[in-house]
Amino acid sequence: YYKVQGFNVIRDSEVTSVDGRYSALEIRPGVSYIELNNNRVVVTGSDRTGVFCRSGSRQSTNHISIVNNTFGPSYAGGICIVTYGHNIIISNNKLNFGGGNDAIAARAKDMIISNNVFNSVSNYPGGGHPDCIQLYSFAGLDASNVLIEGNIFKNCAGQVIYAPLNDNQ
């Protein structure tokens, strides 16, 4: 069990990682039982991600709780929260994510997205469509058994919820 609480994480365009990944907080494949609580995450620059719950060969991140965090204001070409796995809770967060792609991109089973405030979700110049919440399937892991309730969406430029049917849509 891991708990990350009370951090102020600022990742700007001047910071690059050794392996080319640009996540402010990254959870590696196979790591489970993580709680991110009461943190502030700001990302700027191109292709940046706030929280990235990675998957790998036959591994995913499971039992992840992302609760009571503030994301932004951020202006990045990346995604605010990316999840792969099972038993994911994203609740009571403030997501202020302008100039990026999606606020939440999720390929997860048994997931709750509740009571979050999405504000100013918009795309970066020349970028793709921004979604507040994008659910998708890929490589055999479908987004399924997902509860979305009690969220507030303000000043969002793209789709509020995008949920394709399968890998081909």
Side-chain angles (χ1 to χ4, degrees), residues 1-15 21-27 31-54 61-108 110-125 127-136 143 145-163:
Y1 178 81
Y2 302 92
K3 186 172 189 174
V4 178
Q5 182 173 335
F7 279 80
N8 190 14
V9 180
I10 299 174
R11 186 76 187 248
D12 66 24
S13 60
E14 301 301 318
V15 178
R21 294 185 178 104
Y22 301 102
S23 302
L25 299 169
E26 183 173 319
I27 301 170
V31 176
S32 296
Y33 297 97
I34 304 278
E35 182 179 337
L36 303 176
N37 191 5
N38 293 316
N39 298 290
R40 179 173 175 252
V41 179
V42 176
V43 291
T44 61
S46 63
D47 198 26
R48 302 292 192 256
T49 301
V51 175
F52 197 167
C53 302
R54 286 194 174 275
T61 51
N62 303 311
H63 305 283
I64 307 298
S65 175
I66 302 172
V67 178
N68 294 322
N69 298 285
T70 298
F71 294 92
S74 296
Y75 299 92
I79 300 172
C80 196
I81 299 172
V82 179
T83 65
Y84 302 94
H86 304 91
N87 300 307
I88 310 288
I89 297 171
I90 301 175
S91 183
N92 295 308
N93 297 290
K94 295 175 185 167
L95 298 106
N96 304 297
F97 200 68
N101 282 323
D102 307 320
I104 296 175
R107 179 177 61 169
D110 304 320
M111 179 173 193
I112 297 171
I113 302 173
S114 66
N115 302 311
N116 299 289
V117 176
F118 295 82
N119 188 28
S120 298
V121 177
S122 61
N123 67 330
Y124 61 99
H129 63 88
D131 303 317
C132 290
I133 300 171
Q134 182 181 99
L135 306 175
Y136 62 101
N145 196 24
V146 177
L147 173 65
I148 300 172
E149 69 176 357
N151 297 288
I152 297 172
F153 303 93
K154 301 188 300 185
N155 304 316
C156 297
Q159 290 116 193
V160 172
I161 299 171
Y162 177 69

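- Residue I161 holds its CD1 atom at 5.0 Å from CD1 of I133, rounded to the nearest 0.5 Å.
- With rounding to the nearest 0.5 Å, the separation of NZ in K154 from CG in N96 is 8.0 Å.
- For N93 (side chain) and F71 (main-chain N/O), no donor-acceptor pair under 3.5 Å exists by modelled atom type.
- Not a single donor-acceptor pair under 3.5 Å links the side chain of N38 to the backbone N or O of Q5.
- Annotation: the span from Y33 atom OH to H63 atom NE2 amounts to 3.5 Å, rounded to 0.5 Å.
- Checking side-chain atoms of N62 against main-chain N and O of H86 turns up a donor-acceptor pair under 3.5 Å.
- S65 places no side-chain N or O within donor-acceptor distance of the main-chain N or O of E35, the cut-off being under 3.5 Å.
- Partner of I113 under the side chain to side chain contact (heavy atoms under 4.5 Å, CB included) criterion, chosen from I104, T83, I89: I104.
- Distance alone, capped at 3.5 Å, places no donor-acceptor pair between the S114 side chain and the E149 backbone.
- Closest approach of A103 to C132, counting heavy atoms only: CB-O, 3.2 Å.
- Between the CD1 atom in I66 and the CD1 atom in I81 there is a gap of 4.5 Å [rounded to 0.5 Å].
- Rounding to the nearest 0.5 angstrom, the gap separating the CG atom in L36 from the OH atom in Y2 is 13.0 Å.
- The backbone N or O of G6 sits less than 3.5 Å from a side-chain atom of N39, completing a donor-acceptor pair.
- In this structure, CG in D131 is found 4.5 Å from CD in Q159, a value given to the nearest 0.5 Å.
- The minimum heavy-atom distance linking N119 with N155 is given by the pair OD1-ND2, 3.2 Å.
- Just one residue in the list L95, I148, I152 forms a side chain to side chain contact (heavy atoms under 4.5 Å, CB included) with N116, and that residue is L95.
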